[in-house]
Amino acid sequence: MHIEVENLGKKFRLRRQQEGLSKIFHQFIQHRSMPKSEDFWALKEVNFKLAPGDSLGVIGVNGSGKSTLLKLLTGTMRPTVGKVAVHGRRSALVELGAGFHPDFSGRENVYLNGLILGLDKWQIRQKFDDIVCFAELEQFIDTPVKYYSSGMYARLGFAVATAVEPEILIIDEILAVGDMAFQQKCMGRIKEMLKEGVSIVLVSHGLGDLKQICKQTLWLDRGLPMAMGATDKVLDAYLSHMGIEQ
Amino acid sequence: MYKQMRLYCNLTLALAWRDVRIRYQLSILGLYWAIINPLLMAIIWSFVFSYIFRAKGLDGIPYVVFLFCGLTYWNLFSNSLNSAATSLTGNAMLLSKVYFPRVILPLSAVIARSVDFLFSVLVLVILFWYYDISPVLNVGVIIPLLIIQLIYTIGWAFIVSSLNVLYRDVAQLLNILLMFWLYLSPIFYVLEQVPEKVRDFFAFNTIGVLVDMQRNNILVGEPVDWGLIIISFLISIGVLAAGYLVFRWLEPLFAEVM
């Protein structure tokens, strides 16, 4: 199993407007008590397993806990309860190119990002041409990325994140970047990776993307799993649920 | 396991190198700033302190050399902490990507500042040559003391970097505290000038003691007090351990508040 998630839950403390010391102090003076903070479960009782080559879609309205789930899967956040076990190299397509430093050239950013995603220098050197070629940035690779368009940024980000040969790929709503041709190319790359046995978790509002990529889909609502199963069925249930609510 | 360690080492160095380049690449004078900056500070301070306040350094050593030598070591400490304080908050974007040990960021900040230190040492060498001073190069003392100083610095770097994630005031406060700390350390003066009543308290200022020992040993070959070195070493290890624990304790909160 590449990913095992058991009874996963994440609790946040609702912080009111950066509870600065001065604010706490004022409240303390006014109410003679420390300000209370409320607890909020962003995610609760989520269970799933993902074998190599499997793909899971995650769907839900805004604030249903999708991003929290992704952060728990990438390991940048730790669960409050339950277990997340991820075996293998992870790569995340989250806010593409967000880790790039604007003053550095595309070349330098590729190296640094590769290192962060867990590659060796020589491994990056080997893949460098492929990355640049995929991003279609041969002409601009030595230009500081602050001069890139947002599309170029995203293309390079996608190229690096998928070139590191991840075993698990975590995608957050990024297939909307770039032009049609590049979206097609991304989709092709992702399908290729699935065939090679990469496990994919995809968060998307694009039902078409989910249908194309994911065998299974998890529907989250206010942090709780509403349904999980074959993508078509879950999407139908999701849509009819939305219809009833309207 | 070994591969993982090497990977993290590479990442630390790459981030440190990036820090160095960010600081200097975009300015016209580039890396020269690492030399110009401390030199200008030493010149203005030595004018004020030796001509106006008539402060005394070490016998036979021009005040500007005395001051610059102390500042070289002090700056390694204070610049490292200033860089480390914003090392996590300034790299929030990197933290959102994938997991890597977060201690890498303050560590790389300290390493980046060690590059500045080397440049500062270069200026020191030029000053030695200009004033025709022959420093005492007691490697068996200087190197262990520098290592102790780095251990001490990294410990504090862990503390300020992780606290600054929770409270952004820490970086501001640190600036002021470091200024107090500088004046309360034997950088502008030697310990003998401190009134005896309070001199004992100065022994608690580990970084002050370390800078004092390193400078006096290099400039005039003042014999070192090995007892004091061992105490400083133990304190530094303590600070490092405490810093690491604080960092690990606060680490789960990083993703939530950033």
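Atom set for the values below is all heavy atoms of this structure, side chains included, hydrogens, waters and symmetry mates excluded.
We find that A:Arg78 and B:Glu251 are joined by a salt bridge, their nearest charged nitrogen and carboxylate oxygen being less than 4.0 Å apart.
Residue B:Trp181 places its CH2 atom among more than 12 non-hydrogen atoms of other residues, nucleotides or ligands, all under 6.0 Å distant. Around atom CD of A:Glu196, more than 12 heavy atoms belonging to other residues, nucleotides or ligands sit under 6.0 Å away. By the 6.0 Å contact criterion, CH2 on B:Trp156 is open, its count of non-hydrogen atoms from other residues, nucleotides or ligands being 12 or less.
For chain B, no part of A:Ile170 is nearby; none of its heavy atoms comes within less than 4.5 Å. Using a 4.5 Å cut-off between heavy atoms, B:Arg6 contacts chain A through its side chain alone, with no backbone atom that close. Neither the backbone nor the side chain of A:Tyr111 comes within less than 4.5 Å of any heavy atom of chain B.
Taking CD1 of A:Ile116 as the start and CD1 of B:Ile104 as the end, the distance is 9.0 Å to the nearest 0.5 Å. Atoms CG and CG, from A:Leu115 and B:Leu15 in turn, are 8.0 Å apart once rounded to the nearest 0.5 Å. For the atom pair CG (B:Asn91) and NE2 (A:His101), the distance works out to 8.0 Å, reported to the nearest 0.5 Å.
Between A:Leu112 and B:Ala14, the closest heavy-atom pair is CD1-CB, 3.8 Å. In this structure, B:Tyr99 and A:Thr76 approach most closely via the heavy-atom pair N-CG2, 4.4 Å.
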- Message: Would B:Arg21 and A:Glu108 count as a salt bridge (charged side-chain N to carboxylate O under 4.0 Å, His left out) here? Give the steps.
- Response: CA-CA 11 Å; B:Arg21 295 200 41 202; A:Glu108 290 165 302; 2.3 Å; yes
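Put simply, the side chain of A:Asp120 reaches to within 4.5 Å of the side chain of B:Asn10, judged on heavy atoms.
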